[in-house]
Amino acid sequence: MTAGPPRPFVSVKFTPVGRTYSFLIPELALDQDPQGAAYTPGEQVVVQTDAGPALGTVTRTITPLAGKRAPVTEAAKVVRRASKDDIVARLKHQHREQEAQRICLLKIRERGLDMKLARVEQLFDGSRLIFYYTSEGRVDFRELVRDLATHFRARIEMRQIGVRDEARMLGGYGSCGRPLCCTTWLQSFEPVSIKMAKQQNLSLNPSKLSGMCGRLKCCLRYEIPNGKGVKHGGCAEEGGCDNPTGCGSCSSGGGCGSGGGCGSCSK
């Protein structure tokens, strides 16, 4: 049994610094309006996610990578084009998120809690407020949750994240001058050790080996020499690929090391 043609999809971003997600275009929309279903970059749409509906912005889809970026589940789909009411509702949510972050920071200081608030998010349907925070250990935030629930009269959810997740959530630029790998193409965090820096004969200077999150740079992992002793060009080499024939992965169109781009490789 042969697989049918790939379903059309759009690439969507929920925040300017966040990663890009793919959502299928419903077949009903294509049947009713084949031309209108061609979403243009910059257009806002309502999509269905695991957490419920969300408002995002359509971005350009890289044609050579379209096959790899296609959604793997039928649940991730476009619900409709965003209406004026949807956009206004999202703007109100953003204002409430800012207010919730301000109030939560005050409450944290008042109670002397050992936690750092990273971000506040309100779901598109307004059902709950999610507070993302980092902490070295466990935090008893039950009283904090009661205060926030009383103030905002909404369901409150506290989620503890790691410092790498915080960097991916907030975004930024690495020492290579490009957006952080974790906010662009990196799908998961793999263990990184100082031994990887030693294998590349790098200076063991923490300020040069640490990323925005304060941990060892993720790129140290996928720039270690391969089995033949060939190094992948990138941040560790302080430049692009110095191999005239490419670094092995670049020549195949996948980017340095792990098939997604190393942040500084331009091949």
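One-based numbering along the sequence shown. The model shown is predicted, which means the values in this text are computed figures rather than measured ones.
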Determine, step by step, whether Gln98 and Gln101 satisfy the side-chain contact (heavy atoms from CB on, under 4.5 Å) criterion, reporting the C-alpha distance in whole Å, the side-chain angles of both residues, the deciding distance to 0.1 Å, and the verdict. CA-CA 5 Å; Gln98 295 173 359; Gln101 183 155 1; 5.8 Å; no
Before you tell me yes or no, could you show the steps for Asn205 and Ser207 under side-chain hydrogen bond (donor to acceptor under 3.5 Å, both in side chains), namely the whole-Å CA-CA distance, both residues' side-chain angles and the distance that decides it to 0.1 Å? CA-CA 6 Å; Asn205 187 338; Ser207 63; 2.8 Å; yes
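- Side-chain atoms of Arg221 never come within 3.5 Å of backbone atoms of Phe189 as a donor-acceptor pair (strictly under, hydrogens ignored).
- Summarising the geometry, atom CD1 belonging to Ile87 is positioned 13.5 Å from atom NZ belonging to Lys92; distances are rounded to the nearest 0.5 Å.
- Considering all non-hydrogen atoms of both residues, Cys213 and Ala167 come closest at CB-CB, 3.9 Å.
- Between Ser11 and the options Thr20, Val58, Thr57, a side chain to side chain contact (heavy atoms under 4.5 Å, CB included) holds for only Thr20.
- A distance of 11.0 Å separates CZ in Phe141 from CG in Leu148, rounded to the nearest 0.5 Å.
- Between Phe14 and Phe23, the ring planes lie perpendicular to each other; the angle is over 60°, past the 30° to 60° tilted range.
- Under the 4.5 Å side-chain contact rule for hydrophobic residues, Leu220 and Ile194 share a cluster.
- Checking side-chain atoms of Glu43 against main-chain N and O of Arg81 turns up no donor-acceptor pair under 3.5 Å.
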With side-chain contact (heavy atoms from CB on, under 4.5 Å) as the criterion, how do Arg164 and Leu186 come out once you've worked through the C-alpha distance, each side chain's angles and the decisive distance to 0.1 Å? CA-CA 12 Å; Arg164 293 183 185 269; Leu186 198 61; over 6 Å; no
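- Across all their heavy atoms, Ala54 and Thr49 have their closest contact at CB-CG2, 4.2 Å.
- Between Cys104 atom SG and Leu144 atom CG the span is 5.0 Å, to the nearest 0.5 Å.
- Annotation: the span from Met212 atom CE to Arg168 atom CZ amounts to 15.5 Å, rounded to 0.5 Å.
- Linking Ile, Leu, Val, Met, Phe, Trp and Tyr whenever their side-chain heavy atoms come within less than 4.5 Å leaves Tyr132 and Met158 in two separate clusters.
- Here the closest heavy-atom approach between residue Gln48 and residue Val79 is recorded as N-CG2, 3.8 Å.
- Taking 4.5 Å as the limit, every side-chain heavy atom of Glu157 sits out of range of all side-chain heavy atoms of Leu123.
- Hydrophobic clustering places Ile103 together with Phe131 (ILVMFWY residues linked when any side-chain heavy atoms are closer than 4.5 Å, directly or through intermediates).
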Let me have the donor-acceptor pairs involving side chains of residues 106-118, under 3.5 Å, with sequence neighbours excluded, atom names and distances please.
from: Arg111; atom 1: NE; to: Asp147; atom 2: OD2; distance (Å): 3.1
from: Arg111; atom 1: NH2; to: Asp147; atom 2: OD2; distance (Å): 2.6
from: Lys116; atom 1: NZ; to: Glu166; atom 2: OE2; distance (Å): 3.2

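- A donor-acceptor contact shorter than 3.5 Å is absent between the side chain of Arg128 and the backbone of Ala154.
- With rounding to the nearest 0.5 angstrom, the NE2 atom of His151 is 10.5 Å from the CD1 atom of Ile156.
- Using a cutoff of 4.0 Å between basic side-chain nitrogens and carboxylate oxygens, Arg142 and Asp140 are scored as salt-bridged.
- Formation of a donor-acceptor pair under 3.5 Å by the Gln44 side chain with backbone atoms of Leu55 is not found in this model.
- In this structure, the side chains of Val10 and Val47 stay at 4.5 Å or more apart for every pair of heavy atoms.
- Rounded to the nearest 0.5 angstrom, Met196 CE and Cys218 SG are separated by 10.5 Å.
- Screening residues 186-204 for salt bridge (Lys or Arg N to Asp or Glu O under 4.0 Å) gives no qualifying pairs among residues at least two apart or on separate chains.
- Here the closest heavy-atom approach between residue Leu129 and residue Ala100 is recorded as CD1-CB, 4.4 Å.
- Ionic pairing of Arg96 and Glu99 is not present here: no N-O contact between side-chain nitrogen and carboxylate oxygen is shorter than 4.0 angstrom.
- Remark: side-chain polar atoms of Glu121 are not paired, donor with acceptor, to backbone N or O of Ile130 under 3.5 angstrom.
- Side chains of Asp86 and Arg80 form a contact here, defined as non-hydrogen atoms less than 4.5 Å apart.
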Let's go through Gln160 and Ser135 carefully: what are the C-alpha distance in whole Å and the side-chain angles of both, what is the deciding distance for side-chain contact (heavy atoms from CB on, under 4.5 Å) to 0.1 Å, and is it a yes or a no? CA-CA 7 Å; Gln160 184 174 3; Ser135 177; 3.8 Å; yes
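- Remark: side-chain polar atoms of Arg90 are not paired, donor with acceptor, to backbone N or O of Phe124 under 3.5 angstrom.
- Checked by atom type, the side-chain pair Asp125/Ser127 shows a donor-acceptor distance below 3.5 Å.
- Each of Leu91 and Val46 belongs to its own hydrophobic cluster when Ile, Leu, Val, Met, Phe, Trp and Tyr are linked at side-chain heavy-atom distances under 4.5 angstrom.
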